[in-house]
Structures are given as structure tokens and as C-alpha cells.
Amino acid sequence: MTSIQDFSGYTPTWCPGCGDWGIGIAIKTAMVQSGLDPSSVMVIFGIGCSGNMNDFLNAYAIHALHGRALPNAIGAKLANHNMPVVAIVGDGDCYGEGGNHFVHACRGNHDITVIVHDNGVYGLTTGQVAPTAQKGFKSKSTPSGIIETPINPLTLALTQGATFVAQTFAGNVNNVIELIKEGMKHKGFSLVNVLQPCVTFNKINTYQYYMQHSYRLPEEHKKENLEEALVKGIEMTTIEKFPLGILYQVQRPTFTDQLSQLQQTTLLERERFQSFENLYADFA
Amino acid sequence: MKFTWKIGGEAGFGILTSGLVFSKIANRLGYFTFDYIEYPSLIRGGHNALEVVVSDEPIGALKKDIDFLVCLNEDTYKHHKHRLAPQAHVLFDPDEFSPQENNILKISVPFKKILSDLKGQPVMKNTIAMGASLAVLGSDLEILNKIMEDQFLRKGQEIVDFNKKFASLGFDQVKRNFSQHIKTYLQKKESEQKLVISGNDAFCLGAAIADCRLYCAYPMTPSSTVLTTMASWQVKTGMVVRHAEDEISVINTALGSSFAGVRSAVGTSGGGFALMVESVSFAGIAEIPIVIFLAQRAGPATGMPTWTEQGDLLFAVHAGHGEFPKMVFAPGDIEEMLELTAKAFNLADVYQTPVIIMSDMFLSESHKSISKKFIEELIETYKVNRGKTIFTTINKYLRYKLTDDGISPRLIPGAKGHFYQANSYEHIEDGHTTEDAQARKQQVEKRNKKWDTYLTNDFRPPKIFGNIETAEIIFVSWGSNKGPILEAQKILQQNGKETALMHFTHVFPMKREIIVSLFRDNTKRYVLIENNSHAQFGKLLLMETGIELKEKMLKYDGRPFLPEEIVYNLKS
């Protein structure tokens, strides 16, 4: 059994009180509790305060370009589908810059776990507005308040074909651990959207705000029911009610499950193809 | 013997497919071919044309005169009559139009009537035309019938026979009514076994030979057939082929799979490559191997999607913000495409950096005869060289370890007891992010050293065709101009002018000393030939070596060079 220490790299540089501290601990704990070690998992980081975890977490990792962690994760999974692949990204990273990739990763049911640090701002560039910020949010780039309405990551993922959609709150580390473990256990595309207070640049969506506006999904929530998940998910947009827990989970073949060439072995481990005559016969 | 057969008609009715069938027949009969397609960027309604040059000798260029023109509609005649050779054979349907010009051999074939009598589909006009063409050229229907059997047998013998009937009606029409115009050009003769492949096909085959395991792309003319060919092969080859949502996803998927340890490639044209460029830089600093196939078309922006140009050379050379090593190769023909593609995968692994293969519409979509033996020898001699790729290590592992050649061992993820990050930020030897001045300097110098290593070990000077010591004119060119220039040289030789060609394939970076020594004779007439308007290779040559070529022959109308055009331009 590994320990949290095995996964711990440099000491984090996040602001004191930042929600990322809780998420950082939770990711390491979830990996330990899932029986992983730093050599047995691939982690793809986006760019942002969340992505800066690259130096704090030990794993086979890519510190990707801003917005591009998901295609890197998909590629890594295609090459070696026996290794778990986790993407650690921010809301601007994943829903803004990389929004197109997010939509298509959901559709493909790629077997990756996407952990989004959702704080409504661009922390690393000192507090401009992010796609999940509520309408009217004032920031350096939107001094009169943001005109656009926020992205709803949950309903977006649900409608695009994600097979595991969960939300949790950085203030409740145990719940974050639990949902990351469940997300990683899930075979298929899993989204864990973590509501994460940015204590420096977001004075609206604070710990207190989320404690007031979020709630645990009840035991009787039918997580295999897409309509019900959509009803609960849309409440973030309509009445500022943030569900916590697994909103939706179904089993569907993953992308690599459906590639016949990957059924015997991984792309990495298979024998070299050498029957070239079969290819150039078409050209005669 | 050398002649051009050209067929044209409305887009969407199988012109391109029949052109390829014609090339295959000529090759199976023992001849060499080179073809070229012209088509608009739409699926129906425009004008499509395909020409095949057939020769006794290997051929890699078009020729100016058309000797056999098959007009499936009147447009074909209008568009191409200015290129007809004296006494050219023109096949046409008298129900559609009749050519008025004299000095041509008119062969009427009632395409429409045959179709309606037999209730054939419009696409079968091609089959009639093929039968008629083979008759005019003095061949028979044996190979055509065999090809149709292979193509249609799964649809049943009835369909095979139905198609054969159209071919024989076209054939008989000529035999019966125009026996005086029949040539004896396509008689079967002995020759080694050849294949008919396009530049895009050659990239696919080269990638398969090089053990490429993941190909990712978004369709973009003229690179799209690489995606579709790789996809159609994937069950055989075991390659994973992903058609991603956009070109940014394309290259990042490939970088993810390359990081995880498999040889990976992407393909696109200029616009798609523009989207990939940030990630080219990422591959540079994170030191992730990748092969990028860049098939140029006439730009800028959407430009002329189905036409040719060499307008992206400097873009490719400079692609990516910041400073990092990359290599750019420009094959000039099918054989070089195969060799350089296979080499590119080795070099991407050896240098752990992006390697770009430049093609263009002319090279990507033209089919050329290639000896089967050439491919077999390449397969036999090619060794997968993954450089310093390792799957395990007992030492403390440093992903970006400082080394004399600039190349650090690359551990494939999964090795027990280790971990590291491939970092898009500047980093120290173990991969952790840094902003330290000294560490930054060391890593910059480490990456730059790869170029020195490449120039010492793997750079190749231009190929020389002809004798640069004795030649009076020396052509300097790159990429797909090779074929037309070689043909132009033959014509010039006949005219008593001795020429040579410096054909650059390893276009970037260049080894200055070697190249300067090739240009030391300033009494020669050096002529730069490029399929663009900025003389991009000329600028690159100046930048890399200090050599400035004053005389330029540039073409930028979306069409490839014709050998005769090069000869003509030289006079003025």
C-alpha cells in the first residue's frame, strides 16, 4: 500500500484558504485508497492554479497547454488503456479554452476521469471572469459585470453523453475523495466538478456561499435516470441550487472497448505490424 | 513512347476512379504512368478532369500536349482543347457536341445512346470511355474486365457482366468505325511489377512501415485521403485512427499517445496546421516525438482547396512560439515520400521533437508508378530506431537530463518505481517547473544541441541530378517540383543545354558549410524554381546559408509546373 507521502511532490503554492488545498489532498488520498502508486497512473494537468498541482503530485504526468489536457488524456488512454488516466483542470481551462474538447470527450465516452476545479475565475492571471461565473459577476475583464450566462457543466456533460457526472465541494474533502474514487472506478468518461472557492479573486462564491447553496443528493436519487439528472443539474442555473454527489451514472462501452484492434492488448504492447503486402495489394 | 490520355466530365460521376483504373491498366501492361487530377471544391456539378502520362520510362511530371482527350461532356473539350497535340484523338458523344477544329482525329462514341439503350447509370459512361480508349490505344479488355470482376464480384456475376457490356460496346464502337485511327501504344510488354500510388498513399505506407500506431486527423483537402486510407487499414494494421473534433485536439491526442509510448502522427493542410502550431511548440519543450504531415494547398485562408502550391514552407519552418528544434522534410516524389516518412518517425523518436513532412496537392494526389521491389527493399532495410527511448531504468530517472548530444533518455510511462512529468513549462532536469535563470539556460542549450546532433548525424545535402561542375544552368528547388524539372532537363539536353538540379529534401535546418560549397562557382546560372510567389525556399536558403539566388522562376496560379513551361521560361 502506498501512502499520501508517495504522491506528494513539492509543497503547494496555492493561496492560504484556497479550495485547491482540499482538492489536492483529496486526489492523493483517492489514489492511495484506489490502490495506485505514482508509477501506475497517468495524470494530465491543464494550465491554471489547478494545473500547478503538476509539481505537487507525483505521477507519470503531462503539464499540458491551457485547454488541451483532455485530448492529451484521450491520446494517452488510446496508447495504454490499462493505465488509469486522470485530467486535472480548471473551469476556464476545460469549459472555456478547451470547451470543444470537453463536449467531444463526453460524446466519445473515453475512459478518463476529469476533475475540474470550478471557481468561476481565472486565478492564475489574477481574477478575470471564467465561463462558470454567474451573470453580472464583476471582474477585471468585466468591470460592468459579465454579460454571458454561466456554462452549466453538469447539464452540458449530461447532454453530450458523459456516463458519469458528479459534483462536489472543496470544503468537504471526504466527499471529494469519495467522488474521485467513484469517478476513477467508473469505466467511461467521468466528470467530477469540484466547486472550489477562490479566496483571493472570487468574493461571491465563497465557502459560505456554497454551504448555503449546495445540498447532498438524497439516497433515493436515481442516478441512472438522465431526465432526473437534468432536472437536478439545471437547478444550478435556474435557482442557484448546487447538487452534490453522483448526479448520473450509466454503463456504456468506452471508446477503447469499441476498437477491435485493442481487444487483445494495448496499443503500446502489441506486436509490430509487418504484413505490408496486405496493404499494397490495393495499389497493383 | 510517351503520351497523355485525359478524361473529363461533370464532377460526381466517377472520372477520378476511372482515371486510376486507366493508370493501373497501363502499369499492368508494363508502362510507367504519372497522373494529375483537376477538380473543384464541390461534390457535384463542377468540372473534373484527370490526365495520365504513359511512358516507356519512369515518369514524374505532366507534359504539355494532350494526345487522347476523352470528353464525357462539352466542357471537357472547351477547357482542354488548347492543349491538344496535332492529330490528337478526341473521343466525344455526337449527341452532346461535335468538335469543329480540324487537325484532330475525331472519334464519336454515342455514350448517351448506349446508356439509354442498356438502361445504364451515368457513371457507366466512364466504362464505355475506358473500353473505347483501350481500343484506340491498341489494347484489349482483358485487364479492365479483370479489374471490374475484382471490384464488382461481391455484388454478383450479373453486375460484373452488366459492367463488362458497357466496356465492350465502347471498345467495339472504335474497332468497327475508326480502325484507321487505332494506335499500337498499349501493347503488353515485359516489365517488373509496379504499383500505382499517390503521395498520400506513400505517406500511409511509410507510416505503417515505420510502426506508427496512432494517426489522428481532421479532414482537410488535400490531406484527407491519408485519414481515410489509414482508417480503412486500421483493422489490418492495428493502428488506432482518430478523427478528432478539430486540429487542436488532433495534435494533442497524438502528443498524449506519443507521451504514453506509441509512435504517433497527424496530417493536415495549412489551415489545420495553423491550429496545431501552439502544440508544435509544446512538443518542442516537452520533448515529445511527433510526425506531422503537411499537405499544402493554395492559400491563404481557405484559398483554393483543391489546387496546388508550396506556400507554407516558411510557416512550417517557423511554426511554434519560442525557440526549439524541429526538422522539416520535403519529399519530391513517391519514393522520397516513402523513405522520408519512414525516416521521420525514427528521427522524431531519436530527437524527441516534431518532424514535419511537407507535401502539396500535386504530390499528395498524383499517382505515380513505383517499383514493387523498391517498397520491398525499404521494408527489408528499414530498422525502427527509437533512439534513447527506454522502458525501464535502475537509476534515478531524470526526464530532461543534460547530455552532450542534447538528447535525454525518454522513459515510457508505466515503469515501476519511477514517475516524471512532460512539462510545457520550462523545467529542471527532473521535469519540475522552474523559472531559475541557470536552469533555463541549460535547458535551452540542451534543446538547441539536438540541432547540432542532427546536422552531424542525419542531415542530407541536396540530391544532385546532372553534373554541377559542367552544367551551364543549375536549377535549385525542393519538393514536388522535382518531377517537372527532371523532365525539363531532358528536353534541354536534347536542345544542347547542359543543366543540373539541386533538389533539397532536408529543407530545415541546413548545414551551412556543405551547402555553401555547392554554390561556390559564381559563373554558373542558378535558377530557383518554386511553386509560390514569395520564393520561400530562396529566403530560407539565404537565412540558413547566406546564399542569395537572384534568378527565380515562380508559379502561383494553383497549378504545378509543366516541364515545357520551365524550358520556355528559361529563355525569357
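A, B, ... follow the sequence lines: proteins, then strands. Residue 1 opens every chain.
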Which atoms of [X] come close to chain A, meaning under 4.5 Å heavy atom to heavy atom: side chain ones, backbone ones, both, or neither?
X	value
B:A286	neither
B:F391	side chain
B:K24	side chain
B:F259	side chain
B:S369	neither
B:I375	side chain
B:R242	side chain
B:A254	neither
B:N423	both
B:I248	both
B:R213	both

TODO: For the residue pair B:Q234 and A:Q261, confirm or rule out a side-chain donor-acceptor distance under 3.5 Å.
DONE: yes

- [ ] With A:K77 as the cation and A:F255 as the aromatic partner, state whether NZ or CZ is under 6.0 Å from the six-membered ring centre and within 45° of the axis.
- [x] no

Open item on the list: Is the shortest side-chain heavy-atom distance between B:R410 and B:Q352 below 4.5 Å?
Closed with: yes

Open item on the list: Is the shortest side-chain heavy-atom distance between A:T163 and A:S190 below 4.5 Å?
Closed with: no

Task: When B:S424, B:S281, B:P413 are compared by non-hydrogen pairs under 4.5 Å with chain A, the top option - done: B:P413

Task: Contact leader toward chain B among A:M83, A:R270, A:M42, where contacts are heavy-atom pairs under 4.5 Å - done: A:R270

Task: Top contributor to chain B interface from A:G98, A:A64, A:A281, A:S40 [non-hydrogen pairs under 4.5 Å] - done: A:A64

Open item on the list: Among A:D37, A:V43, A:D6, which residue satisfies the side chain to side chain contact (heavy atoms under 4.5 Å, CB included) criterion with A:M31?
Closed with: A:V43

Can you tell me which portion of [X] sits under 4.5 Å from chain B's heavy atoms? Options are side chain, backbone, both or neither.
X	result
A:A59	backbone
A:I47	side chain
A:L268	both

Open item on the list: Looking at every heavy atom in both B:T253 and B:C216, which two are closest together, and how far apart are they?
Closed with: CB-SG, 3.9 Å

